[in-house]
**Student:** 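Got a structure for you, written out below as structure tokens; questions coming shortly.
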Number of protein chains: 2
Amino acid sequence: MVNGSRKNSSKLQGGSTPVNEQNAPGRVGDVRRRNLSLVMDSIARTGDAKPSRAQLAAGTGLTKAAVSSLVADLVESGLVSEVGLYRDGERGRPGQGLELSARRGVVGMEINVDYLAAGLVDLGGNLRFHSTVESRNRGLAPEKVMERLGGLAAEAIAAAAAADISILGGGLAVPGLVDEQRNLVLSAPNLHWEHEALNPQNLLEGAPLGVRLSNEANSAALGELWYGAGQSDFLYVSGEVGVGGGVIIGSELYTGPGGSAGELGHIVVHPDGPACSCGGAGCLETFAGQEAIFEAAGIPEGSLGGRTELLLAALAAREPQATQAVHDAGRYLGVALASSARLMDIEAVVLGGHFAVLAEWLRPALLSSLDHYAPGLLDPSNLTVSNLEHSGTLLGAAGQVIRSVIESPFEFLLASKLA
Amino acid sequence: MVNGSRKNSSKLQGGSTPVNEQNAPGRVGDVRRRNLSLVMDSIARTGDAKPSRAQLAAGTGLTKAAVSSLVADLVESGLVSEVGLYRDGERGRPGQGLELSARRGVVGMEINVDYLAAGLVDLGGNLRFHSTVESRNRGLAPEKVMERLGGLAAEAIAAAAAADISILGGGLAVPGLVDEQRNLVLSAPNLHWEHEALNPQNLLEGAPLGVRLSNEANSAALGELWYGAGQSDFLYVSGEVGVGGGVIIGSELYTGPGGSAGELGHIVVHPDGPACSCGGAGCLETFAGQEAIFEAAGIPEGSLGGRTELLLAALAAREPQATQAVHDAGRYLGVALASSARLMDIEAVVLGGHFAVLAEWLRPALLSSLDHYAPGLLDPSNLTVSNLEHSGTLLGAAGQVIRSVIESPFEFLLASKLA
DNA sequence: CCATATAGTTCAGATTGAAAACTAATTGGA
DNA sequence: TCCAATTAGTTTTCAATCTGAACTATATGG
């Protein structure tokens with residue numbers, strides 16, 4: 001018997017709620033759900049061009065009548081706004097330009113090992129406010145960290161009030177495995193957190209969509225997809241204290257059945273390699289993690305002036321030990337990427353975090369390694385470096401909430417009508 | 001700007017045509033498309049239980065009225081048939097049992113390195129006829145091979161005629177990378193085929209859905225999913241002459257943006273390993289491919305009695321060299337699976353082909369290797385062995401066509417109404 | 001100032017599922 | 001034997017929503 005099933009949305013999650021439930025029956029009303037989303041998405045995609053209703057009709061394949069009706073609902077709910085007349089220079093009546101409202105926003109937040117950040121992103125994807133503070137969070141109690149983050153969130157809320165932006169929800173990225181439904185950090189080894197309950201909803205009281213917890217590498221990957229260098233399919237490599245990864249397939253995040261896909265740092269790159277903190281052995285992280293690189297480069301912990309800065313200086317001075325350390329890291333990263341590319345048919349890679357900083361010195365070794373292990377598989381021009389830096393994670397965290405509105409505006413309309 | 005997009009169906013392909021196009025507008029008629037598919041799928045899933053209309057209504061969430069109307073269309077087209085009265089032992093009017101028609105079938109075919117096979121599968125997934133012949137296809141011209149396969153296909157067609165089964169289409173699995181749209185074998189190294197145009201449509205003239213080309217490992221994986229040991233998420237490992245893999249995510253085949261995902265055989269398992277035929281180095285195939293195992297076990301090519309049989313005999317006799325060879329293969333397969341599990345969050349593995357035959361001796365080394373490189377990641381009970389043997393590939397190849405009918409019955413209805 | 005062109009709205013018509021009332025077929029007990 | 005109860009399936013009415021065509025609104029250019 002054939003018992004395959006429709007795609008289960010928990011595996012690939014580009015936004016949150018899918019337009020259609022897994023195996024729900026189609027109802028006449030679903031058509032409108034879908035078309036509302038189609039129009040929202042079309043406006044988002046067109047971006048700065050501020051399309052008119054007529055252009056949307058042409059772009060989506062819907063009739064002008066249908067688009068008018070859909071846009072009316074979206075404008076009434078405040079998700080979309082008209083921004084003056086649009087003129088093509090041609091003859092005829094000018095259209096009303098449409099955009100995702102600049103007066104609805106989402107707060108993006110990030111907890112990392114040595115800093116906290118918060119920002120305000122409007123529906124159009126513009127970063128309207130951004131604030132970062134250093135904070136040595138490793139080993140700190142989650143309550144303490146959340147308290148500090150609350151201060152940053154308050155700044156973002158104040159900025160929103162000042163700009164007359166109403167906050168729909170928030171996204172919070174954490175360097176660890178999370179259970180989004182239950183607001184749990186299952187495991188964040190670099191923070192020394194295991195199974196901690198956060199209460200992110202407290203950060204943004206009254207926001208209709210609440211606060212959505214997410215993984216740092218995954219959010220950064222989504223940030224690249226929506227606001228940065230990402231194409232529709234790529235692997236984002238996050239070199240923070242650990243080595244993480246985010247897999248984007250068909251413009252959606254692939255999280256795997258258990259939600260922990262993309263663990264690039266624990267791919268085995270040498271069968272006789274040393275034990276890893278994950279319990280395994282020969283993992284990429286033991287060769288290319290920040291700690292491993294610093295150690296191989298001979299830059300001890302607690303060095304004055306910052307280990308990253310010292311490493312960069314040593315590289316600039318062509319110091320052999322540092323050069324070799326980064327070269328080796330690049331080689332092993334190449335092994336991991338070659339294997340990943342073969343397994344998942346990945347054709348593009350975006351380097352972020354530490355690897356972005358070291359890219360200049362890392363890239364040659366990485367490319368020659370890729371050429372050795374998987375010649376011709378990954379075009380060098382598809383190996384790019386993130387240009388969003390720290391705001392990528394923030395944008396991605398907020399973007400997930402924005403994306404959920406774009407994918408399910410109907411649900412949002414309903415909620416706002418009831419309120 | 002947020003510019004993510006709806007899931008592109010070319011990345012995950014469980015069947016062929018998705019119910020909805022990528023970014024097409026929702027029309028009122030789409031609702032029926034979806035519900036026709038929902039009902040078909042529901043009947044397929046219920047399988048031998050032969051559900052009544054009332055049970056389908058309860059199962060799908062549709063009203064009895066809607067189900068009646070949908071079933072009427074499906075019965076009229078011949079895709080679904082009523083199979084007598086259904087009795088629960090309870091009171092009340094008995095329902096009409098429904099099943100996917102046993103009088104519509106799909107021909108599954110397979111070209112492999114040393115054999116050809118064809119079979120007839122009805123819409124309900126029953127293998128109604130099956131025939132395999134040995135054929136040393138390596139290096140043979142595609143035309144010659146297709147001619148031989150034509151003989152097998154004719155047998156299947158005759159069997160269909162005898163059983164009064166009308167053939168809707170066919171599936172042909174090949175051990176290589178294929179371009180399904182253009183009926184091309186892009187690369188099948190073990191057949192020594194590169195960029196060969198097949199004409200599979202000639203095998204089944206007049207079949208309304210044509211013949212669909214597919215990759216052997218992928219079809220075997222789908223066969224396991226639909227008819228065998230597969231769950232909704234697993235990695236199928238195909239140990240034929242090469243080492244291949246098929247990735248099933250959320251009950252759909254993951255093929256990657258370029259269509260070549262799952263190349264488990266070319267994951268790097270040792271950075272200092274020997275050169276591989278793929279141009280890379282240290283690939284799993286150089287350690288765990290059939291050739292590598294035979295060689296390490298000291299069983300020369302052309303041995304009398306068959307290399308596999310000699311290997312099994314040596315293993316049964318606990319001969320050290322053979323035992324060590326299989327142990328090493330298991331160890332390296334463990335490395336590849338550990339990396340795969342980490343990257344894709346894979347929680348289950350099904351061993352097929354050569355690995356299924358060797359499973360008894362391979363499994364201990366494989367499990368201890370997994371425990372060493374990724375402890376706790378993959379539960380031993382989730383490492384299973386295929387029990388479909390060679391018919392898995394055949395069932396998968398045919399199943400893809402069956403699945404496409406289940407997912408898009410409306411298109412089929414249209415076509416059959418025009419004819 | 002009017003012909004032309006483009007934007008957007010209004011309204012009749014078609015498709016479709018929900019809900020409810022109805023018909024059909026069976027069991028079990030009076 | 002026959003009728004009440006029960007379950008299956010159909011018919012009818014209604015609401016949602018898109019299409020298509022006709023219509024109104026607003027601009028340009030000669």
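Each chain gets a letter, A, B and so on, in the order the sequences are listed, and its residues count up from 1.
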**Student:** Test for a donor-acceptor pair under 3.5 Å between the base of dA27(D) and the side chain of R93(A), counting only N and O atoms.
**Tutor:** no
**Student:** Is the shortest side-chain N to carboxylate O distance from D41(A) to R34(A) below 4.0 Å?
**Tutor:** no
**Student:** For A54(B) and L85(A), take the nucleotide of DNA chain D holding the closest heavy atom to each; which residue's nucleotide lies nearer the 5' end?
**Tutor:** A54(B)
**Student:** Side chain to side chain donor-acceptor pair (under 3.5 Å) with R128(A): which residues, sequence neighbours excluded?
**Tutor:** D122(A)
**Student:** Can you list, pair by pair, the side-chain donor-acceptor contacts under 3.5 Å of residues 59-67 of chain B, counting residues two or more places apart and other chains?
**Tutor:**
residue: T60(B); atom: OG1; partner: L56(B); partner atom: O; Å: 2.8
residue: T60(B); atom: OG1; partner: L62(B); partner atom: N; Å: 3.2
residue: T63(B); atom: OG1; partner: A66(B); partner atom: N; Å: 3.2

**Student:** What nucleotide, of dT26(D), dT19(D), dG17(C), holds the atom closest to the side chain of A66(A)?
**Tutor:** dT19(D)
**Student:** Considering heavy-atom distances to DNA chain D, does S69(A) or S69(B) have its closest nucleotide positioned more toward the 5' end?
**Tutor:** S69(B)
**Student:** Go along nucleotides 11-17 of chain D 5' to 3' and tag each nucleotide: B for a protein heavy atom under 4.0 Å from its base, S when only backbone or sugar atoms are that close, - otherwise.
**Tutor:** B----BB
**Student:** Is any N or O donor-acceptor pair between the side chain of R91(A) and the base of dA5(C) shorter than 3.5 Å?
**Tutor:** no
**Student:** Would you kindly give the CG-to-C1' distance between L62(B) and dA20(C), to the nearest whole Å?
**Tutor:** 17 Å
**Student:** Quickly work out the Q96(B) CD to dT7(D) P distance and round it to whole Å.
**Tutor:** 18 Å
**Student:** DNA chain C: P25(A) or R53(A), which has the more 5' nearest nucleotide?
**Tutor:** R53(A)
**Student:** So, using side chain to side chain donor-acceptor pair (under 3.5 Å) as the criterion, who are the partners of R93(B) when residues are at least two apart?
**Tutor:** none
**Student:** Sequence neighbours left out, what passes side chain to side chain donor-acceptor pair (under 3.5 Å) with Q96(B)? Give chain and number order.
**Tutor:** none
**Student:** Residues two or more places apart in sequence or in another chain: which of them pass side-chain contact (heavy atoms from CB on, under 4.5 Å) with F410(B)?
**Tutor:** R33(B), L36(B), L414(B)
